[in-house]
Amino acid sequence: MTLNGQSGTAERRAAAPASIRGVLFDKDGTLFDFVASWRGIALEIIARLAPDAAAAAAMARLGGIDEAGNGLVPGSLIAAGANRAIAEAWAPFRPDLGIGGMEAALERLAAEQAASTPPPVPAAPDLRRLLSELAGAGLGLGVATNDSAAGAWRDLKATGIDDAFDLVLGYDSVEQPKPAPDVIDVFAAHLGITPAEVAMVGDSTHDLMTAHAAGAGLAIGVLTGPAEASDLEVLADYILPSIAELPALFAQQR
């Protein structure tokens, strides 16, 4: 567990964990190990959408798939972007679909892949127990993802944790997706608390920027996505190896 002592957020006073009443999780890279869960699926979707091999390679590069490292580029479209943003980037390769058609195809292919592949890989052992422990400490729990709301529910149900959350928000659940503040504002209102009582937990700078934009009490980075600690440290109040460290973080302050 690392308290980010050199954070670029020095101008804002981070809340003490004891004052937090709600925890809003990113999904991919936070609840689930991103590369283990999604890189292969992303490549399969690209292969099915691309008109030829050259286009597939270009779409992979635009999406942020790092062929040399077999991973994903931190902050890239696939790692952090909403489906709409991915569709906008890939639509020129399929003018027959356009942006709207590409977005619909992404959702359909993701659902097909999810039905034929194993569930997402949890980013922490015994994820259900972990979430129960946090809820038992009096914390409201939510998910805010740049996947669609339907995609989020699909993954949560596949891993048996869909009933652990008070609210699940996709990019299509709010007017503006992350890194805009909307998801935190909606989550806080749903719980009847203020954004300053919310901890945003995520693996990307998009998640931490969302925390700052909303005036969230804490911006917590985790290292179970493509980003390294050096990518997150300027924006994070805490950087944790994974969400498995969260109960200890909150327990030591209560």
Side-chain angles (χ1 to χ4, degrees), residues 1-5 7 9 13-37 119-145 152-153 155-169 178 183-184 187-188 190-204 206-208 210-212 214-225 227-229 231-233 235-254:
M1 182 186 303
T2 301
L3 172 63
N4 184 14
S7 171
T9 66
R13 184 181 299 276
S19 68
I20 297 298
R21 297 173 61 195
V23 182
L24 188 59
F25 293 92
D26 171 54
K27 178 170 72 77
D28 302 318
T30 303
L31 292 173
F32 306 121
D33 182 294
F34 199 107
V35 175
S37 300
V121 178
D126 200 347
L127 197 50
R128 187 172 183 83
R129 181 201 58 76
L130 169 66
L131 296 169
S132 295
E133 187 174 347
L134 292 171
L139 295 165
L141 305 180
V143 175
T145 175
W153 279 115
D155 294 336
L156 297 176
K157 288 178 180 177
T159 50
I161 58 170
D162 52 300
D163 60 349
F165 299 98
D166 298 287
L167 187 65
V168 175
L169 299 168
K178 298 181 296 184
V183 290
I184 291 178
F187 176 62
H190 182 78
L191 292 183
I193 62 177
T194 68
E197 295 172 297
V198 173
M200 179 76 216
V201 185
D203 69 296
S204 77
H206 269 54
D207 301 311
L208 305 182
T210 300
H212 288 253
L218 285 175
I220 300 174
V222 291
L223 302 178
T224 43
E228 303 287 342
D231 300 313
L232 305 177
E233 62 185 3
L235 293 167
D237 299 309
Y238 292 86
I239 298 176
L240 308 178
S242 77
I243 59 172
E245 303 290 328
L246 284 172
L249 172 64
F250 290 111
Q252 71 181 14
Q253 300 289 336
R254 290 183 182 273

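If you're wondering where the values come from, they're calculated on a predicted model, not measured in any experiment. Throughout, numbering of the chain's residues begins at 1 and tracks the sequence.
Shortest non-hydrogen contact noted between Thr30 and Ala123 is O-CB, 3.2 Å. The two atoms that bring Leu223 and Ala229 nearest to each other are CD2-N, 3.6 Å, heavy atoms only. Minimum heavy-atom separation, Trp153 to Asp162: CZ3-O, 3.4 Å. Closest approach of Val143 to Lys27, counting heavy atoms only: CG1-CB, 4.1 Å. In terms of heavy-atom proximity, Leu232 sits nearest to Gly221 at CD1-CA, 4.1 Å. Taking each heavy atom of Leu131 and Ala164 in turn, the nearest pair found is CD1-CB, 3.9 Å.
For the atom pair NE2 of His212 and CG of Asp237, the computed distance is 6.0 Å after rounding to the nearest 0.5 Å. To the nearest 0.5 angstrom, Lys178 atom NZ is 7.5 Å from Leu24 atom CG.
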Evaluation steps, side-chain contact (heavy atoms from CB on, under 4.5 Å), between Thr210 and Asp26: CA-CA 11 Å; Thr210 300; Asp26 171 54; over 6 Å; no
Ile220 vs Leu246, side-chain contact (heavy atoms from CB on, under 4.5 Å): CA-CA, chis, key distance, verdict: CA-CA 9 Å; Ile220 300 174; Leu246 284 172; 4.0 Å; yes
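Using a 3.5 Å distance cut-off with no hydrogens or angles, the side chains of Asp207 and Ser204 do pair a donor with an acceptor.
For Glu228, there are no side chain to side chain donor-acceptor pair (under 3.5 Å) partners at least two apart in sequence or on another chain. Taking Leu191 as the reference, Asp166, Phe187, Ile193 meet the side chain to side chain contact (heavy atoms under 4.5 Å, CB included) condition, with sequence neighbours excluded.
Side-chain contact between Phe32 and Asp203 is absent, with no heavy atoms from C-beta onward closer than 4.5 Å. Contact annotation: the side chain of Pro247 approaches that of Leu134 to within less than 4.5 Å [non-hydrogen atoms, C-beta and beyond].
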Below 3.5 Å, can you tabulate the donor-acceptor pairs from side chains in residues 194-202 to any protein atom, sequence neighbours excluded?
{"from": "Thr194", "atom 1": "OG1", "to": "Ala196", "atom 2": "N", "distance (Å)": "3.4"}
{"from": "Thr194", "atom 1": "OG1", "to": "Glu197", "atom 2": "OE1", "distance (Å)": "3.3"}
{"from": "Glu197", "atom 1": "OE1", "to": "Thr194", "atom 2": "N", "distance (Å)": "2.9"}
{"from": "Glu197", "atom 1": "OE2", "to": "Arg21", "atom 2": "NH1", "distance (Å)": "3.2"}

